[in-house]
Amino acid sequence: MRKVLSRADLLLRVADARRKGQTIAFANGCFDLLHVGHVRYLNAAAQEADVLVVALNDDATVRALKGKGRPILNEADRAELVSALACVDYVTIFPEPTVGPLLEAIRPDVHCKGTDYTLDSVPERDVVRAYGGRTAIVGDPKDHSTRDLLARITGST
């Protein structure tokens, strides 16, 4: 089964899962240079529902968020790596600056964010609340980052 889906195909799969009575969890991020913090975040997100959807920022958005030289891996490669994790059911790439429009389209039961957020600081909390979903803070403490990993690789620490 193909896990990396267009938005249209993802909406069909989510609708099918709901018809089967399954709940949907949603996680998002850049996932540039997949590391243990990402894996722990996604494993924890998967525990929140029956199906885990992961949304990846497209290359242009990662560049705007992270700066020159990013992403390290292109969006297709990042999506393939994330989709290879057993805990991930579906992956989609989104071009918008925030996941708000995708959350409105999918309406997951739970929107999962990492521990660098609090329930009050999640930017999309009002979108999720408006359709009746909930937000969960999941994963381990934010002790891992791609930025720190890159600094170690380049010896700039």
Side-chain angles (χ1 to χ4, degrees), residues 1-14 17 24-118 121-125 127-128 135-157:
M1 176 178 69
R2 190 161 172 266
K3 288 178 153 184
V4 180
L5 304 172
S6 68
R7 186 171 301 196
D9 287 341
L10 176 62
L11 291 173
L12 292 172
R13 297 277 178 94
V14 167
I24 309 299
F26 180 99
N28 66 283
C30 298
F31 302 100
D32 196 10
L33 289 186
L34 195 62
H35 57 70
V36 70
H38 293 136
V39 172
R40 291 173 182 166
Y41 164 56
L42 295 174
N43 274 319
Q47 298 302 307
E48 296 290 326
D50 301 313
V51 174
L52 176 59
V53 172
V54 179
L56 275 79
N57 297 85
D58 74 358
D59 289 345
T61 306
V62 174
R63 205 167 2 272
L65 290 170
K66 304 293 184 176
K68 184 180 176 188
R70 300 284 297 276
I72 301 300
L73 300 175
N74 69 49
E75 62 195 42
D77 289 349
R78 291 183 287 123
E80 185 176 340
L81 285 168
V82 170
S83 75
L85 297 173
C87 65
V88 174
D89 294 290
Y90 304 116
V91 175
T92 196
I93 298 166
F94 70 100
E96 296 89 354
T98 74
V99 293
L102 191 52
L103 285 167
E104 289 173 342
I106 296 171
R107 296 179 166 243
D109 299 280
V110 58
H111 177 215
C112 301
K113 294 299 276 185
T115 58
D116 48 333
Y117 290 92
T118 66
S121 70
V122 172
E124 304 85 11
R125 70 186 177 282
V127 170
V128 175
T135 301
I137 304 300
V138 300
D140 65 348
K142 187 77 174 191
D143 295 334
H144 314 282
S145 73
T146 300
R147 181 185 60 251
D148 293 344
L149 183 58
L150 286 171
R152 286 181 58 208
I153 291 168
T154 62
S156 59
T157 56

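Heavy-atom basis, side chains included; hydrogens, waters and symmetry copies ignored.
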J.: So, for K3 and S83, which heavy atoms are closest and what is the spacing to 0.1 Å?
T.: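 Closest approach of K3 to S83, heavy atoms only: NZ-O, 2.8 Å.
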J.: Quick one: are L11 and I106 in side-chain contact, heavy atoms under 4.5 Å?
T.: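 With C-beta onward as the side chain, the pair touches.
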J.: Please tell me if the side chains of T92 and V4 come closer than 4.5 Å, counting only heavy atoms from C-beta onward.
T.: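 They are not in contact (no side-chain heavy atoms under 4.5 Å apart), so the answer is no.
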J.: Looking at every heavy atom in both T61 and P95, which two are closest together, and how far apart are they?
T.: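 Shortest heavy-atom contact: OG1-O, 3.2 Å.
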J.: What's the spacing between L103 CG and T98 OG1 if we round to 0.5 Å?
T.: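 One gets 8.0 Å once the value is rounded to the nearest 0.5 Å.
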J.: Measuring only between side-chain heavy atoms, which start at C-beta, is F94 closer than 4.5 Å to L56?
T.: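 They are not in side-chain contact.
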J.: Under a 3.5 Å distance rule, please check whether R125 uses its side chain to pair with a backbone N or O of V122 as donor and acceptor.
T.: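 Yes; judged by distance alone, with no hydrogens or angles, the pair exists.
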J.: Hey, could you give me the CG/CG distance between D89 and D50, rounded to the nearest 0.5 Å?
T.: 9.0 Å
J.: Work out which heavy atom in D32 is nearest to a heavy atom in I72; give both atom names and the distance.
T.: OD2-N, 2.6 Å
J.: Work out which heavy atom in N57 is nearest to a heavy atom in C30; give both atom names and the distance.
T.: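 So the minimum-distance heavy-atom pair works out to OD1-N, 3.4 Å.
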J.: Return the CG to SG distance between L52 and C112, rounded to the nearest 0.5 Å.
T.: 7.0 Å
J.: Which heavy-atom pair separates V39 from L85 by the least distance, and what is that distance?
T.: CG2-CD2, 4.3 Å
J.: What is the distance from atom CG of L42 to atom SG of C87, rounded to the nearest 0.5 Å?
T.: 5.0 Å
J.: With a 3.5 Å distance limit and no angle check, can you tell me whether Y41 reaches the backbone of A27 through a side-chain donor-acceptor pair?
T.: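 Absent.
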J.: Hey, could you give me the OG1/CD distance between T135 and E48, rounded to the nearest 0.5 Å?
T.: 10.5 Å
J.: Evaluate the criterion side chain to side chain contact (heavy atoms under 4.5 Å, CB included) for residue pair V51 and Y90; output intermediate values, then yes/no.
T.: CA-CA 8 Å; V51 174; Y90 304 116; 3.8 Å; yes
J.: Looking at E80, I'd like to know if its CD atom is crowded, meaning that more than 12 non-hydrogen atoms belonging to other residues, nucleotides or ligands lie closer than 6.0 Å.
T.: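 No.
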J.: Do the non-hydrogen side-chain atoms of T115 and D140 ever get within less than 4.5 Å of each other?
T.: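 No, every pair of side-chain atoms sits at 4.5 Å or beyond.
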J.: Would you sort out whether F31 and L73 count as a side chain to side chain contact (heavy atoms under 4.5 Å, CB included), showing the intermediate values?
T.: CA-CA 9 Å; F31 302 100; L73 300 175; over 6 Å; no
J.: Measure the CD-OH distance between E124 and Y117 for me, rounded to the nearest 0.5 Å.
T.: 7.0 Å
J.: Using a strict cut-off of less than 4.0 Å between a Lys/Arg side-chain nitrogen and an Asp/Glu carboxylate oxygen, indicate whether D59 and R78 qualify as a salt bridge.
T.: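 A salt bridge is present here (some side-chain N lies under 4.0 Å from a carboxylate O).
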J.: Quick check: do N28 and K113 have side-chain heavy atoms less than 4.5 Å from each other?
T.: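 Side-chain contact under 4.5 Å: yes.
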J.: Compare every heavy atom of R13 with every heavy atom of L5, then report the nearest pair and how far apart it is.
T.: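 The answer is CD1-CG, 3.6 Å.
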